[in-house]
Each structure stands twice: as C-alpha cells, then as structure tokens.
There are 2 protein chains.
Amino acid sequence: MIFTTKAEYGVRLLVELGRQPNESPVSLKAIAESEGLPLAYLERIVALLKRAELVESTRGAHGGYRLARDPENVTMDEVVLALEGSVAPMSCFVDETDDGRVLCSHVDDGEACATKFLWLRVQGGVTEALRRTTLAELVAFSAKQDVAQTPVPLGSALPLHSAA
Amino acid sequence: MIFTTKAEYGVRLLVELGRQPNESPVSLKAIAESEGLPLAYLERIVALLKRAELVESTRGAHGGYRLARDPENVTMDEVVLALEGSVAPMSCFVDETDDGRVLCSHVDDGEACATKFLWLRVQGGVTEALRRTTLAELVAFSAKQDVAQTPVPLGSALPLHSAA
DNA sequence: GCTTCTCCTACCGCATTGGTAGGATTAAGC
DNA sequence: GCTTAATCCTACCAATGCGGTAGGAGAAGC
C-alpha cells in the first residue's frame with residue numbers, strides 16, 4: 001500500500017509555498033527547478049490543490065501560486081485527500097456513496113466482512129496521523145533542516161532527484 | 001493509497017482457517033469456493049503466508065492448510081507484511097537496506113525532507129492499527145456476523161464477489 | 001494407480017501512474 | 001499594442017504492476 005507521487009510532490013509544493021516569507025506569488029517554474037520536479041506534471045498536481053481551495057493563483061506575468069490559508073490551519077488529511085482523491089486502504093472503499101462517504105462493496109450484499117473491520121481501523125490510523133500534522137509543522141521541520149545545513153533560497157536550483 | 005487484493009484475500013483466508021474448529025487441514029478449493037475467490041490466485045497468496053510461517057500445509061489427498069499458531073498470537077502487521085512485502089506509504093520507502101529497515105531515498109543525499117517526516121507518521125499509524133488487531137479478533141468478529149445471519153459451514157459454496 | 005491435493009513457473013490483458021506535448025488564455029512591462 | 005511570462009487545459013504515451021489464467025510436476029490417501 002502506497003501513496004503516489006501526487007501526494008509527495010503536492011506536499012512538497014505546499015511546503016515550498018509555506019516557506020515564502022512575503023505574500024507575493026511563486027511561479028511553478030521556480031518550485032519545479034528548486035525541487036527538481038517536472039514542471040508540466042506539477043501543473044496538473046497544483047490544479048488539484050487549487051480545486052480544493054488550498055492554494056490561490058494569479059495568472060499572467062509575475063503570477064504564480066500562494067497559500068490560500070495560514071499553514072497552521074492546513075491539515076494533511078485534506079491535502080492528501082485533495083491530491084489522491086481518497087484515503088482508502090482498500091480499493092472497494094473508493095466506490096463512494098453520493099455524499100462522499102466510503103462504502104465497502106461487501107456491505108451491499110449484507111455481508112459485513114471481517115476484513116472491512118480491519119481496513120476501517122487502518123484507515124482510521126492513517127487519517128488520524130494525517131489530521132494531526134499541519135502544514136506549519138512541515139514548514140518548520142524543513143526550516144530546521146535548512147539551518148542544520150545551508151539555507152536554500154528559492155531560485156538557486158538544487159535538483160533533488162535527478163543528480164546534476 | 002491502497003492495499004492490493006493480496007492482503008484482502010490473504011486475511012480472508014486466515015480468518016477462514018481460524019474459524020475451523022478442529023485441527024484437520026482445509027483445502028484451498030473449499031476456501032476458494034466458500035469465499036468466491038479464484039483458486040489459482042489463492043495458491044500464490046497462500047504461498048506467501050506459508051513462507052512467513054503463518055500457515056502449515058500437508059500435501060496429497062485430504063491435505064490442505066491450517067494455522068501455524070494460535071489466532072491470538074497472530075497480529076495483522078506481520079500478516080500484511082507477509083502478503084504485501086512491506087507496509088510503506090511511499091514508494092521510496094520500499095528500497096530497503098540489508099537489514100530490512102525502510103529507507104527513504106532522499107536520505108541518501110543528506111536531505112531529510114519534510115515529506116519523509118509525514119510519511120513516517122502515516123506509516124506509524126498504519127502499523128499501529130495493524131499490530132493491535134489480532135487474527136482472533138477478526139475470527140470472533142466474523143463469527144458474530146454469522147449468528148446475526150445464518151451460519152455458513154465450509155463446503156456450502158456461497159460466492160461473494162461473482163454473483164451466482 | 002487413481003484421485004486429490006500442494007506447489008511452481010510462465011504468461012497475459014488491463015488499468016493506472018508518471019510524464020510529455022502543444023496550445024489557449026491572462027496580465028505585466030515596455 | 002507587442003512581447004513575455006505565467007496559469008490553464010487536454011490529449012497523448014510508455015512503463016509498470018495488478019489480478020488472473022494455464023499447465024503442469026510432486027506428494028499422499030484410498
């Protein structure tokens with residue numbers, strides 16, 4: 001069981017936005033270069049964050065993205081939900097009812113299977129871990145990493161994945 | 001983020017074995033028919049459980065599988081670990097070191113990323129939820145479901161997925 | 001020796017993931 | 001008003017992994 005890179009890249013993007021001191025928007029290109037991520041792919045990811053009203057955008061030259069809220073009020077469960085579409089440990093959980101609640105297909109035939117009992121517990125553990133982690137916490141963590149090493153101001157490209 | 005059917009089917013198989021009153025082994029065919037699962041696929045799944053010494057097998061006619069331990073002493077974290085190979089929320093966690101510990105690839109380049117901090121928390125939530133759930137608990141749960149409806153002795157085929 | 005099992009390995013269709021390409025729209029700066 | 005820099009949008013594509021199948025070889029009861 002695994003999250004996709006959407007969650008990874010999306011969270012990194014939000015952390016990068018949270019590290020910006022002022023209110024001026026940051027272009028995706030700057031973030032892509034700073035994190036070493038493909039720009040075109042990031043565009044699709046940030047669209048998910050915008051649809052969930054986690055970021056705001058301004059178009060045109062000198063445009064970009066900024067956080068829509070204070071990082072303290074952004075919990076990771078809504079972030080991951082926006083990025084991955086669902087936080088479900090089993091595929092049958094994804095089939096949702098109309099109001100968005102998860103629904104195990106096994107319930108349909110009147111059979112409350114023991115595995116559903118287990119996956120619900122797992123799902124609870126995941127969402128709880130996500131909910132008690134705020135974006136502000138991650139931003140502070142990454143800032144701490146910076147002073148331990150060298151500060152990395154935006155603009156100086158430091159690829160993470162693709163070795164230079 | 002999602003578990004595969006290996007975990008689903010494997011846990012169901014163990015629950016079915018745990019429901020057996022006596023010590024005589026149960027054939028995979030009986031379980032496959034009872035749960036409505038493909039036999040050939042179950043064979044590969046039960047091999048994982050046997051390799052992890054969670055089940056024992058006797059070959060030949062009237063052979064089959066039985067639990068290697070008491071259900072009280074079987075926790076779901078080792079079950080899922082045996083079935084899925086790892087309990088990792090992010091793909092970079094799967095690359096293991098030689099002693100089996102998870103290792104985020106970002107650590108290699110001296111960068112302790114904020115996302116790793118998050119995924120470790122998620123992983124902790126998952127493994128904790130799995131560890132505090134025993135097979136005995138799931139067996140008891142499924143038994144309770146039975147008295148609420150009609151008891152389903154093994155042998156009477158009741159397909160779950162493929163509607164008859 | 002037939003049948004009923006476990007066991008092993010190779011194969012295959014399909015969906016999803018991660019990523020690319022190309023362009024349309026918007027706005028700032030000159 | 002033109003250029004430029006940025007968001008937006010959609011179609012496309014290769015690779016991977018998942019769920020499942022096929023076909024058999026060995027083991028043990030009857």
Side-chain angles (χ1 to χ4, degrees), chain A residues 1-10 12-13 17 24-33 35-51 55-66 68 83-86 88-92 94-95 105 154-155 161-162, chain B residues 1-10 12-13 17 24-33 35-51 55-66 68 83-86 88-92 94-95 105 154-155 159-162:
Chain A
M1 82 111 209
I2 236 148
F3 281 116
T4 69
T5 57
K6 276 188 203 146
E8 171 82 21
Y9 295 174
R12 284 215 239 165
L13 195 151
L17 291 185
S24 63
V26 184
S27 77
L28 266 197
K29 191 185 174 194
I31 293 181
E33 285 176 352
E35 296 275 338
L37 304 177
L39 171 61
Y41 191 36
L42 264 192
E43 286 183 352
R44 270 169 32 196
I45 290 173
V46 80
L48 301 171
L49 296 173
K50 187 183 180 187
R51 199 174 310 157
V55 301
E56 291 170 348
S57 66
T58 52
R59 305 184 63 168
H62 290 121
Y65 296 90
R66 83 195 73 80
L83 291 166
E84 297 285 343
S86 69
M90 189 56 58
S91 59
C92 62
V94 179
D95 309 315
S105 64
L154 248 187
H161 273 147
S162 53
Chain B
M1 82 114 208
I2 236 149
F3 281 116
T4 68
T5 57
K6 277 187 203 148
E8 172 82 21
Y9 295 175
R12 283 215 238 165
L13 195 151
L17 290 185
S24 62
V26 184
S27 78
L28 267 198
K29 191 184 173 194
I31 293 182
E33 285 177 351
E35 296 275 338
L37 303 178
L39 171 62
Y41 191 36
L42 264 192
E43 286 183 352
R44 268 166 36 193
I45 289 173
V46 81
L48 301 171
L49 296 174
K50 188 183 178 186
R51 200 173 310 157
V55 302
E56 290 170 348
S57 66
T58 52
R59 306 183 63 168
H62 292 137
Y65 295 90
R66 84 194 72 80
L83 291 166
E84 297 285 342
S86 69
M90 189 57 57
S91 60
C92 62
V94 179
D95 308 316
S105 64
L154 249 185
L160 247 69
H161 275 147
S162 54

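Chain letters run A, B, ... following the sequence lines, proteins first and then strands; every chain starts at 1.
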Side chain to side chain donor-acceptor pair (under 3.5 Å) partners for A:S27, two or more places apart | none
Side chain A:R44 and base C:dT17 donor-acceptor under 3.5 Å | no
Options C:dG19, C:dC7, C:dT26, nucleotide nearest the side-chain atoms of A:T5 = C:dG19
Of the nucleotides C:dC7, C:dG18, C:dT26, which one has an atom closest to the side chain of A:Y41?
-> C:dG18
Here the distance between atom C1' of C:dC7 and atom CG of B:L49, to the nearest Å, is 15 Å
For chain A, the stretch of DNA chain D it reaches, first to last nucleotide, under 4.0 Å of its heavy atoms | D:dA5 to D:dA11
Let me know the distance between CZ of B:R66 and P of C:dC5, rounded to the nearest Å.
-> 15 Å
Does the side chain of B:Y41 reach to within under 4.5 Å of the side chain of B:K6, using non-hydrogen atoms?
-> yes
Ranking A:G64 and A:A40 by the position along DNA chain D of their nearest nucleotide, the one closer to 5' is A:G64
Between P of C:dC7 and CD of B:E56, the distance in whole Å | 11 Å
Could you state the atom-to-atom distance from NZ of B:K29 to P of C:dT6 in whole Å?
-> 10 Å
Side-chain donor or acceptor of B:E84 paired with backbone N/O of B:A7 under 3.5 Å = yes
Which residue, A:R59 or A:H62, contacts DNA chain C at a nucleotide closer to its 5' end, judged by nearest heavy atom?
-> A:R59
Stepwise side chain to side chain contact (heavy atoms under 4.5 Å, CB included) check, B:Y65 with B:L28 | CA-CA 7 Å; B:Y65 295 90; B:L28 267 198; 3.5 Å; yes
A:Y9 OH to C:dT17 C1', in whole Å, measures 11 Å
Given atom CG of B:L13 and atom C1' of C:dT6, what is their separation to the nearest angstrom?
-> 13 Å
Contacts of A:E56 meeting side chain to side chain donor-acceptor pair (under 3.5 Å) (sequence neighbours excluded), chain-then-number -> A:R66
Return the set of residues passing side chain to side chain donor-acceptor pair (under 3.5 Å) with B:T58 (not counting sequence neighbours), or none when no residue passes.
-> none
Relative to the 5' end of DNA chain D, which residue comes earlier, A:S57 or B:P38, by the nucleotide with the nearest heavy atom?
-> A:S57
What residues, two or more places apart in sequence or in another chain, satisfy side chain to side chain donor-acceptor pair (under 3.5 Å) together with A:K29?
-> none
Rounded off to whole Å, could you give me the CD-to-P distance for the A:E43 and C:dG23 pair?
-> 15 Å
Taking only N and O in the side chain of B:S27, is any of them less than 4.0 Å away from OP1 or OP2 of C:dT4?
-> no
Over how many whole Å does the gap from A:I45 atom CD1 to C:dG18 atom C1' extend?
-> 9 Å
